[in-house]
Each structure stands twice: as structure tokens, then as C-alpha cells.
Amino acid sequence: MDDLIVVKIGGNAISQLKPAFFEKLKYWKHLGKKVLIVHGGGPNISKLCEKMGIPAEKKHGIRVTSKEVLELTKLVLLGESQPELVEKLTDNGLPVSPLSCACSHLLEGKYLDEAKYGSVGMVTKVNKMAIAGALWQRIGVMAPMCVTEDGKWLNVNADSCACSIASLLHAEALYLLTDVAGVMENGQVIPKLDRTYCSELFAKKVITAGMQPKLNAAFTAQAMGVSHVIITDDLDNHGTEIVKEEEDDDAACVSNV
């Protein structure tokens, strides 16, 4: 789907979307692009876990997902975050397809490490035909979850989920929206970032823990053939573009961040 644009936004960002965001989506649709939004909801999941007295534990930035946490995750993502985003898109005149990973097995996956993380997964397969149909003249809205081949639900990091979808569908572009204008160094946005420079910034501790999952997702998508991978806070801002090196393709940033 070389006309597909995948956009990842965080759960908190849903309530803070500006008019320019919706105008950009309209522009892309005018150009005939297919658009799929992957949304998060982490902060609200943590709040609900705390309210219910359920431990909210993370390891290496990954939410440990017990059966109880998985049910709360589904409640927040599918019952709160997705409906809120769908409503905002609709209110701005954009036709929407709310999508569930379990419907037609849109997103299939496997356990990341069940012993360590519980019901946390990684997307391994996408139902291309079903998604293409859902995106026909509509914007898709997808929560970062997948199901195993035998139908078990798994929680997925939103950045990783967006990366996997973009890679498996050979998307034209992947936008990872964050709360900063891009990858920063000395208060300035780095316009282009390759693996070697990324490794240097990581060694210098310029790259923070919060940016690491996005960089993992970004470099993986770029390596899998997504033409344009951008980390930014606004679809109209250039942000940081992830670029491939012509030489030294064995640089190890992805494994280090």
C-alpha cells in the first residue's frame, strides 16, 4: 500500500489535537492517500490501574500486562481513547473507520516474552485486504493491540504497533507524534538522523528514555522499507527524519536504544 500514511499519536494528545492536524488529514485524503491512525492511552491506563488498586509495573519501558491489566487496557483503549478520537475526527468532517484488531484478525501477533511481560505482544501479521477495505475513503483508527492465532488478546507498545503496521503494509510514510518537535540536541531539532549518529547520541545520553521506543520503531520501519519516517510534534513540522546510511549498514543503534 504505497499510498498509505500511518500516524501514531499518544493518548494524552487526543484531547489536545489542533485544527491543523485535521486539515492535514483532509489534505492527504484530497490527494487520494489512505490514512491509518494508531493511538495510545498509557497515562489513562496507569490512572485506572491505580484507581482499581492494581499494580502498574514497567520493565524496560514496557508495561507488564497481567490478565487484570489487560482488561483495563482494553477498557481504556477501546472504550475511552478510540471513541474520543473518532468523535473528534467526525466533528471535523472526516469519515472514520473504528477498527478492532480482533475483527477479521486485522492484527495478529505473538507474545513478546510471556514470562517477563505477561500479555504483551508484537505484531507479526496484518490482514491487508480487510484493512484496505476499511480505509477506502475513510480514516482508520486502531488501538495498539493484537490477537494471537488462537484469539488471545495482547497489549502492544503503540510506537511498535504503528511501526509494524507501516512495515508490513509497505506504507509510504510513518509519523510518530510526540510532545517535542523531534529528536533534540542542544535545544535544536536534528533534521536528519542515521543509525551511527543515533548511537553517538545514545552513548552521550543525549537521547532520553522516553525517546528510545520511538527510535526503535522508527529505525525498524525505515529498515523495512518505509520511505519516510518522521518523529515530530506536528504533521506540518519537518521534525526529525530517519535516514539510511549509504555505508556502514551494520551500525547498532537499533539494538542499543
Side-chain angles (χ1 to χ4, degrees), residues 4-29 33-47 61 63 73-74 76-101 106-107 123 131 134-135 138-146 155-167 169 171-183 189 210-218 221 226 228-242:
L4 172 65
I5 298 174
V6 178
V7 179
K8 182 266 174 178
I9 63 174
N12 283 343
I14 295 175
S15 61
Q16 302 169 5
L17 293 173
K18 299 177 181 178
F21 175 84
F22 303 104
E23 291 303 316
K24 189 70 171 184
L25 298 183
K26 291 177 183 178
Y27 174 69
W28 283 339
K29 295 302 294 178
K33 305 295 183 183
K34 295 181 176 66
V35 180
L36 176 62
I37 300 174
V38 178
H39 66 84
N44 287 339
I45 295 170
S46 296
K47 289 178 183 177
R63 184 184 301 278
T73 298
K74 291 168 66 175
V76 170
L77 294 179
L78 301 176
E80 296 179 10
S81 298
Q82 190 174 88
E84 181 183 0
L85 180 55
V86 167
E87 182 179 8
K88 286 185 176 293
L89 291 166
T90 302
D91 287 346
N92 281 273
L94 289 159
V96 188
S97 288
L99 303 175
S100 168
C101 64
L106 287 184
L107 300 181
V123 176
I131 287 185
L135 299 185
R138 293 180 177 271
I139 291 175
V141 176
M142 174 76 75
M145 304 190 79
C146 66
N155 185 20
V156 183
N157 173 274
D159 291 305
S160 297
C161 186
C163 160
S164 296
I165 293 171
S167 300
L169 293 179
E172 169 187 334
L174 169 64
Y175 287 82
L176 300 174
L177 296 187
T178 182
D179 56 359
V180 292
V183 182
V189 176
M211 186 59 70
Q212 290 175 27
K214 288 180 175 56
L215 285 168
N216 272 322
V226 180
H228 301 285
V229 182
I230 306 293
I231 297 175
T232 184
D233 62 345
D234 190 314
L235 295 178
D236 283 323
N237 290 345
H238 179 274
T240 298
E241 182 178 2
I242 302 302

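Bear in mind that the values here come from a model prediction, so they are computed numbers and not experimental data. Along the sequence shown, the residues carry numbers beginning at 1.
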task: Side-chain contact test, heavy atoms from C-beta onward, threshold under 4.5 Å: evaluate it for Leu25 versus Leu235 and give yes or no.
output: yes

Set of side chain to side chain contact (heavy atoms under 4.5 Å, CB included) partners for Lys74, sequence neighbours left out: Leu70, Glu71, Met145, Trp153

query: Can you name the residues that form a side chain to side chain contact (heavy atoms under 4.5 Å, CB included) with Lys26, not counting sequence neighbours?
result: Glu23, Leu94

- prompt: Do side-chain atoms of Gln82 reach the backbone of His39 as a donor and acceptor pair under 3.5 angstrom?
  reply: no

field: Those residues that, when tested against Glu172, pass side chain to side chain donor-acceptor pair (under 3.5 Å) (two or more places apart)
entry: Lys33

query: Can you name the residues that form a ring-ring contact (aromatic ring centres under 6.0 Å, His included) with Phe21, not counting sequence neighbours?
result: none

message: For Tyr175 and Trp28: C-alpha separation, side-chain torsions, deciding distance, then whether ring pair (Phe, Tyr, Trp, His ring centres under 6.0 Å) applies.
response: CA-CA 13 Å; Tyr175 287 82; Trp28 283 339; 5.4 Å; yes

task: Can you tell me which residue pairs pass the salt bridge (charged side-chain N to carboxylate O under 4.0 Å, His left out) test with a partner in residues 78-97, sequence neighbours excluded?
output: none

message: For a quick test of reading the model, state the closest non-hydrogen atom pair linking Asn155 to Pro144 and the distance between them.
response: OD1-O, 3.8 Å

message: Going by the rule side chain to side chain donor-acceptor pair (under 3.5 Å), which residues pair with Asn237 if we only count those two or more places apart in sequence or in a different chain?
response: Asp233

field: Any residue meeting side chain to side chain donor-acceptor pair (under 3.5 Å) with Arg138, in chain and number order, not counting sequence neighbours
entry: none

task: Applying side chain to side chain donor-acceptor pair (under 3.5 Å), name anything that partners Asp234, two or more places apart in sequence or on another chain.
output: none

- prompt: Given side chains that start at C-beta, do those of Val189 and His238 come closer than 4.5 Å, heavy atoms only?
  reply: no

- prompt: Any idea which heavy atoms bring Val38 and Ala158 closest together, and the distance?
  reply: CG1-O, 4.0 Å

message: Among residues at least two apart in sequence or on other chains, which ones pass salt bridge (Lys or Arg N to Asp or Glu O under 4.0 Å) with Lys24?
response: Asp236

field: No-hydrogen, no-angle side-chain donor-acceptor test under 3.5 Å, Arg63 and Ser46
entry: yes

- prompt: Just how far is it from atom OG of Ser81 to atom CG of Asn44, taken to the nearest 0.5 Å?
  reply: 5.5 Å

field: Pairwise distance CG(Leu174) to OG(Ser167) - rounded to 0.5 angstrom
entry: 7.5 Å

statement: Shortest non-hydrogen pair, Val123 vs Cys161, comes out as CG2-SG, 4.2 Å

field: Leu177/Val7 under side chain to side chain contact (heavy atoms under 4.5 Å, CB included): CA gap, chis, key distance, verdict
entry: CA-CA 7 Å; Leu177 296 187; Val7 179; 4.1 Å; yes

- request: Could you tell me which non-hydrogen atom of Leu85 sits nearest to which non-hydrogen atom of Val141, and how far apart they are?
  value: CD2-CG1, 3.7 Å

task: Return the set of residues passing side chain to side chain contact (heavy atoms under 4.5 Å, CB included) with Asp159 (not counting sequence neighbours), or none when no residue passes.
output: Lys8, Asn157, Leu176, Pro213, Lys214, Ala217

message: Would you compute the distance between atom CG of Leu99 and atom CD1 of Ile131 and round it to the nearest 0.5 angstrom?
response: 7.0 Å

task: Mind checking the OG-CG spacing from Ser164 to Leu169? Nearest 0.5 Å is all I need.
output: 10.5 Å

- request: Hey, could you give me the OG1/CD1 distance between Thr240 and Ile230, rounded to the nearest 0.5 Å?
  value: 8.0 Å

message: Using side chain to side chain contact (heavy atoms under 4.5 Å, CB included), reason through Leu215 and Ile242 one step at a time and then give a plain yes or no.
response: CA-CA 9 Å; Leu215 285 168; Ile242 302 302; 4.2 Å; yes

field: Step-by-step side chain to side chain contact (heavy atoms under 4.5 Å, CB included) determination, Ile139 to Leu36
entry: CA-CA 6 Å; Ile139 291 175; Leu36 176 62; over 6 Å; no

task: Determine, step by step, whether Ile5 and His228 satisfy the side chain to side chain contact (heavy atoms under 4.5 Å, CB included) criterion, reporting the C-alpha distance in whole Å, the side-chain angles of both residues, the deciding distance to 0.1 Å, and the verdict.
output: CA-CA 9 Å; Ile5 298 174; His228 301 285; over 6 Å; no

- line: Value for CD1 (Ile37) from OG (Ser97), rounded to nearest 0.5 Å, stands at 11.5 Å

query: Minimum heavy-atom separation for Ala143 to Leu78, with atom names?
result: CB-CD2, 3.8 Å

- request: Go through the structure and list residues passing side chain to side chain contact (heavy atoms under 4.5 Å, CB included) with Thr90, not counting sequence neighbours.
  value: Val86, Val96

message: Restricting to non-hydrogen atoms, name the atom on Ala221 and the atom on Val229 that form the minimum distance, rounded to 0.1 Å.
response: CB-CG2, 4.2 Å

